[in-house]
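Everything below concerns the one structure shown next.
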Protein chains: 2
Amino acid sequence: MNEASPVLRKSAATRQRVLDAAARIFRERGYAATTLGDIAEAAGLRTASLYYHFESKEELVEEVLRIGTTLVSDAVRRAVEDLPAEADFRTRLTVAIATHLDALLRLTDYTSADIRIIGHVPPEVRAKVWPLREAYGEFWQELLRSGRANGAIRAGADLGLLRVLILGTLNYASEWYKPGLKPVGAIAAEATAMVLDGILAPSAMHRQPA
Amino acid sequence: MNEASPVLRKSAATRQRVLDAAARIFRERGYAATTLGDIAEAAGLRTASLYYHFESKEELVEEVLRIGTTLVSDAVRRAVEDLPAEADFRTRLTVAIATHLDALLRLTDYTSADIRIIGHVPPEVRAKVWPLREAYGEFWQELLRSGRANGAIRAGADLGLLRVLILGTLNYASEWYKPGLKPVGAIAAEATAMVLDGILAPSAMHRQPA
DNA sequence: GTCTATATTACGATAGAC
DNA sequence: GTCTATCGTAATATAGAC
């Protein structure tokens, strides 16, 4: 009964509106440039009222970051785990890249806000949400390890370096992506092709003079 | 004589100290979180004295961004142009990637400040420095066009998409790179291998079960 | 739960002495 | 060229009425 009482439901709904507004404005303007007044106005209340739901600006942004990381991580883990057990490395990586980009660019403001502001929040906030991000990084590391164990990945590759390079390729899309220009699926296809096979023509002689 | 007069030299030297301090602190803390007091203190003077050298915080950050973009752009253009005329596409792209990363991660604070804060400065500032960035993007676009004309790049590739994916791969390194962990040359080598040839083993059968 | 009112602090910027 | 002093504004956060 408690969980469904009208008061608690109203509180939860308002809290959600505040979080949604915060995610959107943090993504657009960055952390420091966003004021609690901006967020309150977008959520339809006064600045002071935010403090009923969150103790501080830092606690609010921490929750936004936590939600953003969790949404991407859960979506990608689920998509890869739902593949048939026989799925090869190429298939797994293709699905991981497509799902990561879809969560980042299409799903919600939380995911892009996360990537865009994580490097600009106060260090204490970053430290608090770091374990979540590390766990997601470890998922990718394990994905790459399994690929190398299968002989799918080039033997000499530095997997830790590859992981940050691949995730960098995908995450930086939140800096240049504008809805409507290119379908997210087309971006995912081009990124997957580059990461897996490179940009060179498959059988061409690559030493022609310019 | 004017250029070398003691007063002008002192002014230019102080202006340079202010710019250097600004680049470093903007890179570390972001644009909005950096105060003119932070910059003045690092440069060894008072906040009000900054206004002798720059009209506003926005004019100061604009100059930092301009220097950052120019340093990367000039370094990469020069390195590619200095290659022998017969150099093939693989060589050109390898040099472009290595030089871009070296300028970004090793050269100065201006280049990494540029990448880290460009998405967080006021829109009017971004608009003012945009032509410089577009010109550098056009250089890369032309590099890729020449690669496709040679048959070096996969025919179906979307060159505009490839350009932002490649530059994203490189630029995102300014978010995770820490001096001393990996030599910049090793990062460049891994990035070049991925972009050109992908991460898969060259001749392996890629369909093994996980 | 949300409000008005306000405390407190700190910012960007200007004035004017030196 | 750089300083001290200060203006005007706006931010986070708190107090207390409703």
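Reminder, nothing fancy here: chain letters follow the sequence lines and each chain counts from 1. As the structure is a computational prediction, the values presented were derived from the model and not from experiment.
B/Thr47 comes within 4.0 angstrom of no nucleic acid atom, judged by non-hydrogen atoms across all strands. Heavy atoms of A/Ser49 sit under 4.0 angstrom from at least one base atom.
Remark: P of C/dA13 and CZ of B/Phe54 are 13 Å apart, rounded to the nearest angstrom. Spacing between atom OH of A/Tyr51 and atom P of D/dA13 amounts to 4 Å, rounded to whole angstrom units. Atoms CZ (A/Arg46) and C1' (D/dT14) sit 17 Å apart, rounded to a whole Å. If you take CZ of B/Arg17 and C1' of D/dG1, they are 11 Å apart, rounded to a whole angstrom. Separating the CD atom of A/Glu58 from the P atom of D/dA11 is a distance of 17 Å, rounded to the nearest angstrom. A/His53 places its NE2 atom 12 Å from the C1' atom of C/dC3, with the value rounded to the nearest Å. As rounded to whole Å, 10 Å separates atom P of C/dG12 from atom CG of B/Leu50.
With D/dA13, D/dA11, C/dC3 as the choices, the nucleotide that has an atom nearest any side-chain atom of A/Leu45 turns out to be C/dC3. Considering only side-chain atoms of B/Leu36, the nucleotide from C/dG12, C/dT2, C/dG1 that sits closest is C/dG12. Set against C/dT2, D/dA13, C/dT4, the side chain of A/Lys10 has C/dT2 as its closest nucleotide. When the nucleotides D/dT2, C/dG1, D/dA13 are ranked by their closest atom to the side chain of A/Tyr52, C/dG1 comes out on top. Counting only heavy atoms from C-beta on, B/Lys57 has its side chain closest to C/dG12 among C/dG12, C/dA5, C/dT2.
Salt bridge annotation for B/Arg133-B/Glu138: absent, with no cationic side-chain nitrogen under 4.0 angstrom from a carboxylate oxygen.
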Step by step, work out the side-chain hydrogen bond (donor to acceptor under 3.5 Å, both in side chains) result for A/Asp38 and A/Thr35.
CA-CA 5 Å; A/Asp38 297 333; A/Thr35 73; 3.2 Å; yes
Does the pair B/Leu19 and B/Leu60 meet the rule for a side chain to side chain contact (heavy atoms under 4.5 Å, CB included), with working shown?
CA-CA 7 Å; B/Leu19 281 168; B/Leu60 174 54; 3.8 Å; yes
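Toward the 5' end of DNA chain D, the nearer of the two residues A/Ala48 and A/Asp38, judged by each one's closest nucleotide, is A/Asp38.
No side-chain heavy atom of A/Tyr136 sits under 4.5 Å from any side-chain heavy atom of A/Thr70.
Because its NZ or CZ atom is not both nearer than 6.0 Å to the ring centre of B/Tyr51 and within 45° of the ring axis, B/Lys57 does not count as a cation-pi partner of that residue.
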